[in-house]
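The structure appears below as structure tokens.
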Amino acid sequence: MAPTRKRSRVEQARQYLTGGAVFRDDSDDELGYDDHPWEWVYGDDAATQMTQNATPRKRKAAEAAASLGRPIVAARMGRFVCRLGDTVLLKAEGSQAWVGIICDFFEDIEEGEKMAKFMWFSSEKEIRSKSTKRTDFLANELYISAAFDSNPLTTINGTAKVMSLGEFQKEFPTGQPKKNSRDYGKVFVCRRGCNTRTTTYTDEFPWEDVYTSAADIPALQHLVENQTKATRKRGPRAQKDEGDLDEFVVPDSDDDGIPKTPRKRRKLNDATTPTSARKDLNARKFLTPSHKRIVVKKALEFTPLGTRVLSPSVLSSPFQMARNQLHVSAVPAALPCREEEFQTVYSHLEAAITEGTGSCIYISGTPGTGKTATVREVVAQLQTQVLAEELDDFIFIEINGMKVTDPHQSYALLWQALRGDRVSPSHALELLEREFSTPSPRRVPCVVLMDELDQLVTKNQSVMYNFFNWPGLRHSRLIVLAVANTMDLPERTLSNKISSRLGLTRITFPGYTHDQLMLIIQSRLEGVPGNIVHPDAVQFAARKVAAVSGDARRALDICRRAVEIAETEAISREDEDAAAQPATPSRTGRNQGRAAGRVLNDTGELDAILPKRATARKGVVMIATIKQAINEATSSPLQQALRALPLASKVFLAGLLARIRRTGIGEAVLGDVVDEVRKLGLMSELQPVHDYLLAGREVEKGEHTSAVGGALTHLAPTLQAITPRSKSLSVRRDNKAARALGLQAAAIELAEAGIIGVEARHGERVGRVRLGVADEEVRLALGEDAEVRGLGLAS
Ligand SMILES: Nc1ncnc2c1ncn2[C@@H]1O[C@H](COP(=O)(O)OP(=O)(O)OP(=O)(O)O)[C@@H](O)[C@H]1O
């Protein structure tokens, strides 16, 4: 939306600086109050065309002749003319304005808009670094920057006067133009250039010495660039410092006996979350998968004295360490097997931030394939680069579809991240629309991670559309990382036409193979003393998971549970030993060891609990331990309940999962689930399913079988509660079919058990169903169930 040019009379001449832009209400009638179209003024005919008295016809003819290969030297709107090299005010959101020098005029063919390229001035407000910015700024001082940007001519709001402090004082001895003068609110002092991102300034200069006309622009740019520090250029000092840095390298050691897949030496990154990345900068060394070094200065260190302080990790038991490191909420030091994906996301984001452009990356992949972990890691590393002053600052916000109660809340969250204000979702939407469609040349880029996107889509597609669309708007500088489980969610929900117009960059995360899962588990176990997880056990767990889903979360969960089992065994074995030898002096030591974790001998190896009898191997995770952990996972109360479901409920779940997989949306209309069940039934070769569906069809035709009919009569009142109020034909038909197949009864039973949620929203005609448990749980329980095998429940 181009800014409107009409201003109310209430906006009376005021000027001050705010939020980086000059805040001014101008009473000025320089552009007039009528919206004339902008016209080009060409080279040689400029004089003719600018003649105020020339008739529109004459002007048009002159323009047509001039347009044949002649350069545009000025633009006119009604009586207002601005030329190349002029300093102008640009209207931004609200009453703000930016000041820039016109460097070029051109036509944006795609948008059909007349445009100008500007070299920007920055105000003091725009300089974010509080610690290094100058404090001697004047109320109307601007700094010339080497930043350029293009905007439509419609955003030009008048001329600005820029001068040196000396000239300003000469011309306005009272310190500002008179309130009723034409210059009021339009005169600025410029005595330095500045790079607002690095907060570095040029030496002081008299403005008139460095700039008089368009011909001076290249030299002025050169001056600013030369005398200020560019963000991405590393000075000799930074390179020197790099030599002093420590490197943390994960040794490829084999001392724990676990054979490891050979891999490159990799520097450890101890970044945890993006926030902690900001705090914990000391002695860090980062290396991106492309082997780009990210350098942060090392903190001063004191020479250690004679006392040796044990870190808590040394004191805690190996089991404890293994459990912690295998926990899915632990942030791993590295993400093996995701180097390529990391690199793609990293370079995309880095380029978008540096160039100040918007961008949208659509990341899809089945659960547990490291999508979220990879994106967070990329952002953490980019934030470290910002702190090292090697990358422009950016705002980061995470919006999780599972965590917002209403998708529209995403608007409010985004606005809050951008501006810090809490507003209602509808107000936020308005503000965002305006923000992204009006110029604000140096807006800090904003990176949004939209996780669990599938959940944001279910209720209102406009949310997803907006978040995909905004990055493409000229002024948004919005970088959206949309993460979902389904590959073609945009096409399914937004139509092919819209989604292809959006030009999303797509990255797909494939499920992990068993080799990759092994590597992931091993990397999580790095640094855990004692061989408490046998290599065969790691391989077995990896194979089991890879055969079903390639889900790292699942592999880690199984291994963690196995470590817990082994730990319990180790403790009970200790107790047995202790009971067998009540008088041995070492007993106290062992008990103490148990209290403090485990006993470590002088060399730091696990002493008390490592199996001494090769046969028992208690206290070590073996294949049998993994089997036990898997069994436990599959014999949880939920798993048992799922397996004990009646056939109708199992078939219903198969239909629901099929529907969810087909649409990529986490919920489905009851009638659609019925359709899926029918399709599955047709394809199924299982006799029970055939019989079941046959019985249902007979009921549909009116030939009530006693079992289904009886159940329906019994459940009628409950059915009323969850079925739509509408009497529309199709809905009635769907419900009839659902009832006939016994699926509504199944739905009620499942809803009562909390396995699904059923909802008939106010004002909506159809009942909606969604899974109340993880779909993985359903697949795990029913994937190999003889009654419904082949109905697509296996992963
Ligand atoms: N390559 C890897 N190396 C180490 N840990 C990994 C790797 N990939 C995934 N993980 C771990 O697996 C767990 C799940 O990963 P993550 O949340 O990134 O998956 P996701 O693809 O976003 O899943 P979902 O779609 O369910 O959100 C996390 O604990 C993560 O640290």
Side-chain angles (χ1 to χ4, degrees), residues 250 260-261 263-264 266 268-274 288-289 322-346 361-380 398-403 449-457 481-487 489 506-528 538 541-542 545-546 548-561 660-661 664-666 771 773-780 795:
V250 179
K260 287 181 183 143
T261 312
R263 60 200 180 93
K264 287 177 196 153
R266 188 184 170 93
L268 257 192
N269 151 24
D270 64 347
T272 48
T273 60
T288 67
R323 276 194 281 114
N324 289 347
Q325 285 173 214
L326 288 168
H327 201 286
V328 286
S329 65
V331 179
L335 289 173
C337 317
R338 282 293 173 241
E339 285 83 358
E340 222 174 274
E341 290 80 1
F342 178 101
Q343 188 50 45
T344 315
V345 180
Y346 187 94
I361 308 177
Y362 181 76
I363 299 171
S364 61
T366 52
T369 47
K371 303 182 292 295
T372 312
T374 304
V375 169
R376 287 200 182 134
E377 179 65 7
V378 167
V379 171
E398 225 179 295
I399 298 174
N400 189 313
M402 291 286 242
K403 294 186 186 159
L449 164 57
M450 312 252 341
D451 213 346
E452 312 279 358
L453 188 74
D454 326 45
Q455 302 299 318
L456 288 174
V457 135
L481 300 163
V483 174
N485 288 337
T486 331
M487 228 165 132
L489 189 64
R506 288 164 196 267
I507 304 173
T508 307
F509 281 53
Y512 291 114
T513 63
H514 89 267
D515 284 337
Q516 291 178 323
L517 287 174
M518 270 175 68
L519 207 64
I520 290 169
I521 300 168
Q522 281 162 355
S523 81
R524 293 275 193 140
L525 287 170
E526 255 164 27
V528 176
V538 174
V545 174
V548 180
S549 61
D551 176 345
R553 190 183 287 118
R554 185 152 185 75
L556 294 171
D557 277 342
I558 289 173
C559 291
R560 194 169 55 92
R561 178 62 198 133
I660 289 174
R661 199 170 36 220
I665 298 174
L771 268 182
V773 297
D775 58 351
E776 261 313 301
E777 291 277 3
V778 179
R779 289 183 210 285
L780 190 65
S795 297

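Since the structure is predicted, the reported quantities are computational estimates derived from the model, not experimental observations. By convention here, the first residue in the shown sequence is residue 1. Just the heavy atoms: all of them, side chains too, but no hydrogens, waters or symmetry mates, feed the values below. Just follow the structure's listing: the first ligand is 1, and inside any ligand the first atom is 1.
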When you measure from [atom] to every protein heavy atom, which one gives the shortest distance, and what is it?
atom: atom 21 (O) of ligand 1; value: Lys371 NZ, 2.7 Å
atom: atom 29 (O) of ligand 1; value: Val328 O, 2.6 Å
atom: atom 10 (N) of ligand 1; value: Ala552 CB, 3.9 Å
atom: atom 4 (C) of ligand 1; value: Ile520 CG2, 3.5 Å
atom: atom 1 (N) of ligand 1; value: Pro336 O, 2.7 Å
atom: atom 17 (O) of ligand 1; value: Arg553 NH2, 3.1 Å
atom: atom 23 (O) of ligand 1; value: Gly368 N, 2.9 Å
atom: atom 30 (C) of ligand 1; value: Arg524 NH2, 3.5 Å

Is there a polar contact between ligand 1 and [X], counting only N or O atoms under 3.5 Å apart?
X: Tyr512; value: yes
X: Thr374; value: no
X: Val483; value: no

Compare every heavy atom of [Y] with every heavy atom of [X], then report the nearest pair and how far apart it is.
X: Leu489; Y: Ala484; value: CD2-CB, 4.0 Å
X: Ala552; Y: Tyr512; value: CB-CE1, 3.6 Å
X: Arg338; Y: Phe509; value: NE-CD2, 3.3 Å
X: Arg376; Y: Leu449; value: CG-CD2, 4.4 Å
X: Thr369; Y: Pro510; value: CG2-O, 3.5 Å
X: Val545; Y: Ala555; value: CG2-CA, 3.7 Å

Inset, instruction - Using the side-chain contact (heavy atoms from CB on, under 4.5 Å) rule, pick out the option among Asn400, Asp451, Ile507, Leu453 that qualifies with Val483. - result: Asp451
Inset, instruction - Before accepting this row, confirm whether a basic side-chain N of the pair Glu452/Lys403 lies closer than 4.0 Å to the acidic partner's carboxylate O. - result: no
Legend entry - Point-to-point distance, once rounded to the nearest 0.5 Å, from CG of Asp775 to CG of Asn485: 7.5 Å
Inset, instruction - Would you give the length of the straight line joining atom CG of Asp557 to atom CZ of Arg553, rounded to the nearest 0.5 angstrom? - result: 8.0 Å
Which segment of [X] sits under 4.0 Å of ligand 1 when only heavy atoms are counted:
X: Gln516; value: neither
X: Phe509; value: neither
X: Cys337; value: neither
X: Thr372; value: both
X: Asn485; value: side chain

Legend entry - Neighbour count above 12 (heavy atom, 6.0 Å) for Arg554 CZ: no
Inset, instruction - Ignoring hydrogens, just give me the one of Gly365, Ala555, Ala373, Ala330 whose non-hydrogen atom is nearest atom 18 (O) of ligand 1. - result: Ala373
Legend entry - Atoms of ligand 1, numbered as shown, that sit under 4.0 Å from any heavy atom of Glu452: 27 (O)
